[in-house]
Asker: 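Have a look at the structure that comes next, please.
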2 protein chains.
Amino acid sequence: SDVVSVEDQGSPWANEPKRHALLKPAAERPFNAEPPLGMLAEKFYTPNELFYIRNHLPVPTLQDDDYGLEIEISAGKHAGTAERTLSFEDIKRLPKHTVTAAIMCGGNRRSEMTRVKPVKGLSWGAGAVGNAKWSGARLSDLLVAMGVQPDERLHVIFEGADLDPTAHPYAASIPLSKALDPRGDVILAYEMNDEPLTRDHGFPIRAIVPGVVGARNVKWLTRIVVSDQESDSHWQQNDYKGFSPSTDWDTVDFSLAAAIQAMPVTSAICTPMPDERVRVSGDGHITVRGYAWSGGGRRIVRVDLTADAGATWHVAELEQEDLPDGRHYGWSLWTARIPVKEQQKELEIWAKAVDSAYNVQPESFENIWNLRGVLSNAYHRVKVKLIREAK
Amino acid sequence: SDVVSVEDQGSPWANEPKRHALLKPAAERPFNAEPPLGMLAEKFYTPNELFYIRNHLPVPTLQDDDYGLEIEISAGKHAGTAERTLSFEDIKRLPKHTVTAAIMCGGNRRSEMTRVKPVKGLSWGAGAVGNAKWSGARLSDLLVAMGVQPDERLHVIFEGADLDPTAHPYAASIPLSKALDPRGDVILAYEMNDEPLTRDHGFPIRAIVPGVVGARNVKWLTRIVVSDQESDSHWQQNDYKGFSPSTDWDTVDFSLAAAIQAMPVTSAICTPMPDERVRVSGDGHITVRGYAWSGGGRRIVRVDLTADAGATWHVAELEQEDLPDGRHYGWSLWTARIPVKEQQKELEIWAKAVDSAYNVQPESFENIWNLRGVLSNAYHRVKVKLIREAK
Ligand SMILES: [Mo]
Ligand SMILES: [Mo]
């Protein structure tokens with residue numbers, strides 16, 4: 001049941017859903033929260049109630065029985081000729097397609113980048129990512145049925161039902177080529193891990209754009225436009241872009257940078273947690289576990305761990321779907337056993353992942369620092385203390 | 001005209017073509033050579049005679065009038081049913097498709113990685129890359145006409161006419177999904193920058209696999225097989241793969257690593273050259289120029305330069321084709337003007353590129369070192385001396 005405090009009655013925040021007690025808020029309004037990192041690598045499919053929540057605006061109140069999704073073709077060969085409104089039942093009657101995809105916030109791990117120099121944005125840990133099985137209708141089926149032809153100059157704009165104070169919706173866009181690619185697996189999802197979407201995750205329909213930054217996976221989807229322009233929303237134009245480390249708020253020109261779509265390769269150590277006291281096994285090893293992921297459908301091919309600042313690297317065991325490069329959208333969980341020296345009392349563990357294009361993570365945050373703190377994918381480093389059984 | 005020394009008569013090396021005097025050999029037999037780095041960024045399309053040459057075996061002697069390309073479908077829905085032999089004229093009669101693509105050797109910039117710790121392989125500088133306009137028939141047109149259906153478990157094997165001492169051809173494979181992708185632009189090329197291919201570049205037909213490591217762009221192409229296995233060649237199975245820095249020749253298991261296909265993001269400074277004396281402009285700047293490229297069709301979105309070890313970064317101007325992400329196979333040339341301090345006599349310039357998935361280069365070679373010295377894409381660093389006009 002939802003919780004409304006007295007002072008919120010009548011405010012846009014009066015209808016926020018109740019959230020799981022273990023989600024740690026990075027912000028309350030709009031609600032943004034991540035699960036404890038130590039729990040994140042326990043399950044290949046992140047439990048829905050622990051999946052990070054990244055809302056940009058108040059959660060809208062939609063009903064499935066009066067839901068409508070407008071689709072408008074405003075550019076390309078059939079511009080202006082095609083327009084449809086689909087009900088929730090219309091979407092559910094289309095062929096059901098299921099895809100495993102990790103969704104990652106563009107600001108995941110921002111709190112590590114901030115330590116180099118402050119950035120503007122929510123202070124996310126490494127938990128602003130989750131992996132789920134999403135089911136729904138393929139966007140490509142719908143667009144092809146409406147006569148949309150491939151055209152690399154075009155974009156697909158997604159609008160949500162969540163409104164800013166001037167009644168403009170949250171919106172974002174992706175290239176039409178991604179939407180039409182049969183291996184792109186873009187879907188209008190109504191299920192997350194075999195359950196109906198919850199309100200926080202976009203009930204009744206959310207765009208799932210596998211391999212692409214969370215911000216383009218628009219929730220509470222109510223309008224789709226095929227356009228010759230990217231979305232003109234704040235989030236497409238003036239946010240979720242990368243810049244050089246020397247670009248500051250006085251010199252930044254958002255029009256010069258590319259909107260983030262596919263995300264770069266990253267990884268994180270989930271256990272042990274920073275400053276944790278870690279038990280060393282009888283044969284002198286510790287066990288380390290985490291996740292790795294790369295955008296654009298690139299599979300993770302290797303995760304390397306070091307506990308001696310790179311003098312020796314240990315290759316982790318991977319747990320991942322058996323899907324080919326270019327269409328591998330789920331994350332990979334990994335486990336490594338790392339030998340430690342007999343007298344050692346503490347150490348720092350580093351993780352780095354390699355994707356199927358052999359892209360690697362940068363060593364540190366200094367040279368990827370950017371004023372919005374996005375794309376924070378340097379090596380993940382965790383200091384721990386070692387404890388041993390008395391002999 | 002070809003040059004044959006007396007002692008080569010009758011040997012497999014008797015028919016090597018003549019090469020441009022400016023190509024610097026990394027090896028003579030097989031012939032492997034790169035142009036002077038200082039010339040590489042002069043032209044967006046690398047002149048054919050200066051394009052790096054990477055031969056694995058002696059150059060075969062083929063004639064276009066008795067050339068034949070066998071195509072065999074040995075797996076998938078139509079396995080065994082389809083087989084064709086195409087003459088050179090058959091291929092030229094197919095619709096002609098042109099694509100700009102940089103081709104890069106998997107070992108480009110190996111000489112920099114070797115400085116960390118020796119690796120096995122030819123000591124390439126940063127010139128084992130070139131950018132050209134390639135024209136030929138689309139492989140996807142041919143395969144579709146032969147009834148090949150998309151199947152992500154399948155591969156396309158390319159065999160060349162170049163033979164090893166046991167009469168096995170050079171061979172390599174790519175995923176069928178790349179070969180069938182209309183945006184993948186795989187072609188059977190007979191022209192390079194509007195000229196017929198030269199013998200060193202694969203006359204009469206070479207596979208061009210845009211965005212993919214040079215080794216899969218098989219020259220002197222004589223056989224194509226759609227197969228349920230990757231090529232069993234040495235170069236596909238036991239070479240051109242990446243490993244952890246702690247994997248050595250005693251522990252390496254080539255079967256555990258992914259064959260390199262799409263290459264990671266990289267860049268290099270072409271001018272000034274190392275130890276060059278660089279004139280500082282009247283307003284206190286030096287000009288730096290180079291190339292940047294990423295595999296998989298990813299566009300370069302930014303190149304950053306620093307001359308003070310990362311304290312300040314300068315964003316370069318890019319010269320590139322106006323093609324969308326996912327289908328941007330050419331390289332980008334870039335130019336930056338970097339301010340220098342009045343008293344400064346020498347400095348080190350670093351370049352790093354960012355691709356459209358916001359993948360970045362690693363800072364240094366230590367943690368990407370691998371025993372074959374491939375994928376050598378750390379920041380490019382060049383030390384120069386500064387000279388000034390007398391006032
Ligand atoms: Mo996000
Ligand atoms: Mo190569």
Asker: Where does B:E366 contact chain A at under 4.5 Å (heavy atoms): side chain, backbone, both or neither?
Answerer: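 B:E366 has no heavy atom closer than 4.5 Å to chain A.
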Asker: Mark yes or no for whether A:S332, through its side chain, and A:L318, through its backbone, hold a donor-acceptor pair below 3.5 Å.
Answerer: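 Absent.
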Asker: So, B:R327 and B:D185, do they make that salt bridge, N to O below 4.0 Å?
Answerer: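 Salt bridge flag = yes for B:D185 with B:R327.
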Asker: Ignoring hydrogens and angles, tell me if any N or O in the side chain of B:T100 forms a donor-acceptor pair with the backbone of B:G330 under 3.5 Å.
Answerer: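 Not at all, since once roles are kept as given, no pair shorter than 3.5 Å links the two residues.
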Asker: Considering only NZ, NE, NH1 and NH2 on the basic side and carboxylate oxygens on the acidic side, decide whether B:K352 and B:D304 come within less than 4.0 Å.
Answerer: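 Result for this pair is yes, salt bridge flagged.
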Asker: Check each atom of B:S364 against the heavy atoms of chain A and say whether the ones under 4.5 Å are side chain, backbone, both or neither.
Answerer: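 Contact with chain A involves both backbone and side-chain atoms of B:S364.
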Asker: Is it true that B:R372 and B:D239 have a side-chain N and a carboxylate O under 4.0 angstrom from each other?
Answerer: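 Counted as a salt bridge, because a side-chain N and a carboxylate O are separated by less than 4.0 Å.
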Asker: Side chain, backbone, both or neither: which part of A:T266 has a heavy atom under 4.5 Å from chain B?
Answerer: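 Nothing of A:T266, per the 4.5 Å heavy-atom cut-off to chain B.
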Asker: Evaluate the ring planes of A:W313 and A:Y379, with Trp represented by its six-membered ring, and classify them as parallel (under 30°), tilted (30 to 60°) or perpendicular (over 60°).
Answerer: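 Perpendicular, since the angle between the ring planes exceeds 60°.
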Asker: Can you say whether B:V360 sits under 4.5 Å from chain A via the side chain, the backbone, both, or neither, judging by heavy atoms?
Answerer: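 Both the backbone and the side chain of B:V360 come within 4.5 Å of chain A.
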Asker: Measure distances from A:E363 to the heavy atoms of chain B and classify the residue's part below 4.5 Å as side chain, backbone, both or neither.
Answerer: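 Backbone plus side chain of A:E363, per the 4.5 Å heavy-atom cut-off to chain B.
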Asker: By a 4.5 Å heavy-atom criterion (distance strictly below it), what part of A:R153 contacts chain B: side chain, backbone, both, or neither?
Answerer: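 Neither part, no heavy atoms under 4.5 Å.
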Asker: For B:A378, is it the side chain, the backbone, both or neither that has a heavy atom under 4.5 Å from a heavy atom of chain A?
Answerer: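 Neither part; nothing is under 4.5 Å.
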Asker: Please state whether the side chain, the backbone, both or neither of A:K178 comes within less than 4.5 Å of a heavy atom of chain B.
Answerer: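 Neither; nothing under 4.5 Å.
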Asker: Apply the side chain to side chain contact (heavy atoms under 4.5 Å, CB included) test between A:I174 and each candidate in A:R216, A:H155, A:E230; give the one that qualifies.
Answerer: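 Running side chain to side chain contact (heavy atoms under 4.5 Å, CB included) over A:R216, A:H155, A:E230 with A:I174 returns exactly one hit, A:R216.
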Asker: Measure distances from B:L375 to the heavy atoms of chain A and classify the residue's part below 4.5 Å as side chain, backbone, both or neither.
Answerer: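 For B:L375, the contact with chain A is made by the side chain alone.
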Asker: Considering only heavy atoms and a distance below 4.5 Å, find which of B:S244, B:G326, B:P150, B:P182 pairs most often with chain A.
Answerer: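 The residue among B:S244, B:G326, B:P150, B:P182 with the greatest pair count is B:S244.
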Asker: Is the shortest side-chain N to carboxylate O distance from A:R302 to A:D355 below 4.0 Å?
Answerer: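 A salt bridge is absent here (no side-chain N lies under 4.0 Å from a carboxylate O).
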Asker: As an exercise: rank B:G310, B:G296, B:S177 by heavy-atom pairs under 4.5 Å with chain A and give me the winner.
Answerer: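 Option with the top pair count is B:S177.
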Asker: May I ask you to decide if B:S231's main-chain N or O and B:S173's side chain share a donor-acceptor pair within less than 3.5 Å?
Answerer: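 Such a contact is found between B:S173 side chain and B:S231 backbone.
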Asker: Does any heavy atom of chain B fall under 4.5 Å from the side chain of A:V315, the backbone, both, or neither of them?
Answerer: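 Just the side chain, heavy atoms under 4.5 Å.
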Asker: Look at A:P245, A:G295, A:G211 and state which one has the largest set of heavy-atom pairs under 4.5 Å with chain B.
Answerer: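 Highest number of pairs under 4.5 Å: A:P245.
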Asker: Out of A:V354, A:V301, A:I368, A:N367, which one racks up the most heavy-atom pairs below 4.5 Å with chain B?
Answerer: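 Top option by heavy-atom pairs under 4.5 Å: A:N367.
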Asker: Under a 4.5 Å cutoff for heavy-atom pairs, which residue among B:A258, B:P175, B:P264 has the most contacts with chain A?
Answerer: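 Top count of heavy-atom pairs under 4.5 Å with chain A: B:P264.
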Asker: Could A:R183 and B:E152 be called an ion pair, given the rule that one side-chain N must be under 4.0 Å from one carboxylate O?
Answerer: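 Yes.
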Asker: Of the backbone (N, CA, C, O) and the side chain (C-beta and beyond), which part of B:P362 lies under 4.5 Å from a heavy atom of chain A, both, or neither?
Answerer: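 Contact with chain A involves both backbone and side-chain atoms of B:P362.
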